[in-house]
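Below you'll find the structure, written out as structure tokens, and then a few comments.
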There are 2 protein chains.
Amino acid sequence: MANVAHLQEADIEKIYLCPLFKGVETAKLASIIKKPYTKVATHEDDTVLFKTGQKMNQLLLVLDGEVGVIGTNLWNKGSIVELLGAGTLYGAEFAVGADKKLGYDICTLENSRVLTIDYVKLLCDSDYRKIAPIISENLLQFAIARTHNLQARIYHLAQGSTREKLLAYLSDQSRQAKNTTFQIDLDRQDLADYLSVERSAMCAELSKMQKDGLINYHKNEFTLKKIKK
Amino acid sequence: MANVAHLQEADIEKIYLCPLFKGVETAKLASIIKKPYTKVATHEDDTVLFKTGQKMNQLLLVLDGEVGVIGTNLWNKGSIVELLGAGTLYGAEFAVGADKKLGYDICTLENSRVLTIDYVKLLCDSDYRKIAPIISENLLQFAIARTHNLQARIYHLAQGSTREKLLAYLSDQSRQAKNTTFQIDLDRQDLADYLSVERSAMCAELSKMQKDGLINYHKNEFTLKKIKK
DNA sequence: TAGATACTGTTGGTTTTCCAACGAAGGGAG
DNA sequence: CTCCCTTCGTTGGAAAACCAACAGTATCTA
């Protein structure tokens, strides 16, 4: 059950930090998030915010808690496609283009506070129009960054075995860090979820890979032992 | 070894059909593809066109043949992330934004004819500037459509078992067709590649699913037997 | 310091997938 | 029609992943 809530100081910060709003004057942004088409609400865990097939006409910013993007097949079996933690903005893609039908359920995974912006109304707002060019540009950057992230995950997920998934993921992390030694953000469970494998099996595979001399690791620090060719 | 080639009548058609150029006057488009920064070349199969880590400064349109996007890990093991068949445009994402580093190899999988547009030069062309607003808008649409496709594939790939992958994929196809009976575009091998499973194992699983009363199929026509709940 | 609470690593039995090989069912082409 | 070639389905042994249960380690708090 949703309850109307109010913006707190820390929330404003999260809004400003959204890539979509980068470069927008804070005063102008502040005026928008005080309009009536912007709402903040608290939801219990396991609350469905938007349902598959429905028209998506809201931007959604998670202020606290965790929200999941859930794919559901015709036999009503659901699975988490993406996690939206605090500070994550979702739905910007739907603000543009003809097909605004949502392909997933959006559902709270914990008690959460969520800000929503009705962008049909937003687009009509004359205050918005002043910052629209910046946001349009940001939206393009945002969409493109997203395609890169999604394509990377596809590369990782499409590998046949757990070992190959790990090697693909770790290789990309190493490239990003420009170093064969680097830290990763995810803990074992989150990494297993990201790669869609069992945590325990993944741990075992990491052990083997270390024994086989491919990698070294301790906690979240990994070193890749590239073979000369 | 790349050979310079020339545009044929059928090629022009493929260019016009690119979503990126939708709504652009054909005459204006024709003038651009005759500029020196647009090139057509034939390549033997297994030719690397662009390499991981290199700066991507070209749009790439496959005119004939097949080109693969290949992820390669630090141990030089490669795997196909995406297939680019005839008519496919690749690289538009890289024309915008700061990080233009390519994360994959682009490599021909057959003898292919490929058109490339150097977009650094393209962006400077005064003829291009006249159509730039349309292309910018198209690019945004293109990027967004791409995020939807990629997210869908992630949903399918992230399923734990072959059966679940198939159910997720078929459910989405059914939704698109707005019908529980529908045809799919992919043959068995392509579907198995898309879902990253073995073809034979997938065939066996389809059989079982039919025996279990979940689906019916014949060749590429499937019917989903949704359970009432 | 002791206890509670994550997070990580290990192990063994069960299930699923891979893999290679083969048989069956369709199309063309000669 | 027959032959060739491609696609689709089946099968059985080998390999890998799942799963549950448990042991080790670090951190935090009382």
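Here is the naming used below: chain letters follow the sequence lines, and residue numbers restart at 1 for every chain.
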Looking at Leu63(B), is its backbone amide N or carbonyl O close enough to the side chain of Lys14(B) to form a donor-acceptor pair, meaning the two atoms are under 3.5 Å apart? yes
Starting from P on dG9(D), measure out to CG on Asn216(B) and report it in whole angstrom. 13 Å
Between Tyr155(A) and Tyr169(A), does the ring-ring contact (aromatic ring centres under 6.0 Å, His included) criterion hold? Intermediate values first, please. CA-CA 8 Å; Tyr155(A) 167 48; Tyr169(A) 172 78; over 10 Å; no
Could you give the NZ-to-P distance, from Lys208(A) to dA16(D), as a whole number of Å? 7 Å
With nearest nucleotide decided by heavy atoms, which residue, Gln189(B) or Glu205(A), maps closer to the 5′ end of DNA chain D? Gln189(B)
Check the side chains of Thr108(B) and Asp45(B) for a donor-acceptor pair under 3.5 angstrom, ignoring hydrogens and angles. no
How many Å lie between CD on Glu221(A) and C1' on dA26(D), as a whole number? 17 Å
Sub-6.0 Å ring centroid separation between Tyr104(A) and Phe50(A): no
Go nucleotide by nucleotide along DNA chain D from the 5' end; which of Ala204(B) and Lys219(A) gets its closest nucleotide reached first? Ala204(B)
Please give, in whole Å, the distance from dG9(D) P to Leu206(B) CG? 7 Å
Provide a list of protein-nucleic acid N or O atom pairs under 3.5 angstrom, restricted to nucleotides 20-25 of chain C.
{"unit_1": "dA20(C)", "atom_1": "N6", "unit_2": "Ser200(B)", "atom_2": "OG", "d": "3.3"}

Check: Gln159(B)/Ser79(A) side-chain N/O donor and acceptor closer than 3.5 Å: yes
Rounding to a whole Å, what distance do you find between Asn220(A):CG and dA26(D):P? 14 Å
Closest approach to the side chain of Ser207(A), judged atom by atom: which nucleotide of dC8(D), dT10(C), dC7(C) is it? dT10(C)
Testing Lys211(A), Lys165(A), Arg163(A) for salt bridge (Lys or Arg N to Asp or Glu O under 4.0 Å) with Glu205(A), which one passes? Arg163(A)
How long is the line joining CG of Asp187(A) and C1' of dA26(D), in whole Å? 14 Å
Side chains of His156(B) and Asp172(B): donor-acceptor distance under 3.5 Å anywhere? yes
Per atom distances to the Tyr217(A) side chain, the nearest of dG9(D), dT10(C), dG9(C) is dG9(C)
Can a side-chain donor-acceptor contact be found between Glu221(A) and Thr181(A) if the only test is distance below 3.5 angstrom? no
Within residues 153-169 of chain A, which residues have any heavy atom lying less than 4.0 Å from an atom of DNA chain D? Ser161(A), Thr162(A)
Tell me the interatomic distance from Met202(A), atom CE, to dA17(D), atom P, rounded to whole angstroms. 12 Å
Rounded distance (Å) that lies between atom C1' of dC7(C) and atom NE2 of His218(A): 13 Å
Phe94(A)-His148(B) aromatic ring centre distance below 6.0 Å: yes
